[in-house]
*Asks:* 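Please find one structure pasted underneath; my questions will follow.
Indexing begins at 1, ligand by ligand and atom by atom, following the structure's order. Numbers here are sequence positions counted from 1. The basis for the numbers below is simple: all heavy atoms, side chains too, and nothing from hydrogens, waters or symmetry mates.
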Amino acid sequence: MSLLDLATEVRPRAYAPYSRFKVGAAIRTPSGATYVGVNVENVAYPEGTCAEAGAIAAMVAGGETEIAEILVIADSPSPVPPCGGCRQKIAEFARPDVKVTLCTTEGAHKVMTVAELLPGLYTAAHMAKA
Ligand code: THU
């Protein structure tokens, strides 16, 4: 199944009673396995989690730690970009050239790389003097 089909299928299961903005995400790893996630909001708003974070958590729980490709979809006017925190979360498990596909439910999409989404990435190398 394609990442687009997987993310489209899971998106309605998002728990988004506060924003009413349901997001679905799907990851493929180098093994070919796929993992999905949805945003899960909370009445204490900052406690909500993004779809990308959910998919990453599922991947790690599945025993894998490398993203080969990731796709995110929402009913937004333009292809939905991952938030800043999720860009850093994706970068933890993806090389800079990994493809991130941003989609709308209407069929628009934009393909970017991890490096394009997060220039100046903070890495463990920045702690070298610690
Ligand atoms: N959201 C995601 O899950 N992923 C994104 O890429 C953008 C935003 C969620 C967070 C929140 O639950 C809702 O969308 C509104 O911001």
Side-chain angles (χ1 to χ4, degrees):
M1 210 173 181
S2 71
L3 291 188
L4 178 59
D5 287 346
L6 287 165
T8 298
E9 184 183 87
V10 76
R11 193 185 72 86
R13 300 207 285 272
Y15 178 75
Y18 306 106
S19 71
R20 307 229 168 261
F21 189 67
K22 294 187 169 196
V23 185
I27 289 171
R28 190 180 310 282
T29 63
S31 75
T34 54
Y35 301 93
V36 295
V38 293
N39 52 329
V40 180
E41 297 183 349
N42 192 280
V43 64
Y45 293 0
E47 299 303 325
T49 51
C50 289
E52 296 89 328
I56 288 169
M59 174 187 76
V60 174
E64 301 200 68
T65 53
E66 196 181 335
I67 297 172
E69 197 183 340
I70 179 166
L71 179 147
V72 55
I73 187 167
D75 185 13
S76 54
S78 59
V80 64
C83 76
C86 282
R87 294 176 194 213
Q88 186 77 39
K89 288 186 177 84
I90 292 167
E92 180 77 15
F93 301 105
R95 289 206 319 260
D97 63 338
V98 161
K99 212 169 77 168
V100 184
T101 304
L102 324 178
C103 302
T104 72
T105 52
E106 305 276 284
H109 77 278
K110 180 175 182 178
V111 180
M112 299 186 72
T113 65
V114 170
E116 286 168 342
L117 280 169
L118 192 55
L121 168 69
Y122 171 69
T123 69
H126 294 104
M127 294 189 291
K129 291 174 78 179

*Asks:* Tell me: protein heavy atom nearest atom 1 (N) of ligand 1, and distance?
*Replies:* V23 CG2, 3.7 Å
*Asks:* Counting heavy atoms only, which part of S19 comes closer than 4.0 Å to ligand 1: side chain, backbone, both or neither?
*Replies:* side chain
*Asks:* Report, in ascending order of atom number, the atoms of ligand 1 lying under 4.0 Å from any heavy atom of P82.
*Replies:* 6 (O)
*Asks:* Cluster question for you: counting only ILVMFWY and a side-chain heavy-atom cut-off of under 4.5 Å, with indirect links fine, are V38 and L6 together?
*Replies:* yes
*Asks:* Side chains of L102 and P82: does their closest heavy-atom pair fall under 4.5 Å?
*Replies:* yes
*Asks:* Against V100, only a single residue in T113, V114, L71 fulfils side-chain contact (heavy atoms from CB on, under 4.5 Å); can you say which?
*Replies:* V114
*Asks:* Which of parallel (below 30°), tilted (30 to 60°) and perpendicular (above 60°) describes Y15 and Y18?
*Replies:* perpendicular
*Asks:* Look at atom 11 (C) of ligand 1 and say which protein heavy atom is nearest, naming residue and atom and giving the distance to 0.1 Å.
*Replies:* E41 OE2, 3.3 Å
*Asks:* At a non-hydrogen distance cut-off of under 4.0 Å, which region of P81 contacts ligand 1 (side chain, backbone, both, or neither)?
*Replies:* backbone
*Asks:* Check the pair I73 / V80 against side chain to side chain contact (heavy atoms under 4.5 Å, CB included), numbers first and verdict last.
*Replies:* CA-CA 6 Å; I73 187 167; V80 64; 5.6 Å; no
*Asks:* Of the protein's non-hydrogen atoms, which lies at the shortest distance from atom 10 (C) of ligand 1, and what is that distance?
*Replies:* C50 SG, 3.9 Å
*Asks:* Starting from atom 9 (C) of ligand 1, locate the nearest protein heavy atom and write down its residue, its atom name and how far away it is, to 0.1 Å.
*Replies:* N39 ND2, 3.5 Å
*Asks:* Considering non-hydrogen atoms only, spot the tightest contact between S78 and T104 and give its length.
*Replies:* C-CG2, 3.4 Å
*Asks:* Ignoring angles and geometry beyond distance, decide whether A51 reaches within less than 3.5 Å of ligand 1 through its nitrogen or oxygen atoms.
*Replies:* yes
*Asks:* Identify the heavy atoms of P30 and A68 that sit nearest to each other, and give their distance.
*Replies:* N-CB, 3.8 Å
*Asks:* Among E52, K22, R11, which one puts a heavy atom closest to atom 4 (N) of ligand 1?
*Replies:* E52
*Asks:* Is the shortest N/O to N/O distance between T49 and ligand 1 below 3.5 Å?
*Replies:* no
*Asks:* Against ligand 1, does G48 come closer than 4.0 Å with any heavy atom?
*Replies:* no
*Asks:* Return a yes/no value: protein heavy atom under 4.0 Å from atom 16 (O) of ligand 1?
*Replies:* no
*Asks:* For residues E66 and T29, is any side-chain donor paired with an opposing acceptor at under 3.5 Å?
*Replies:* no
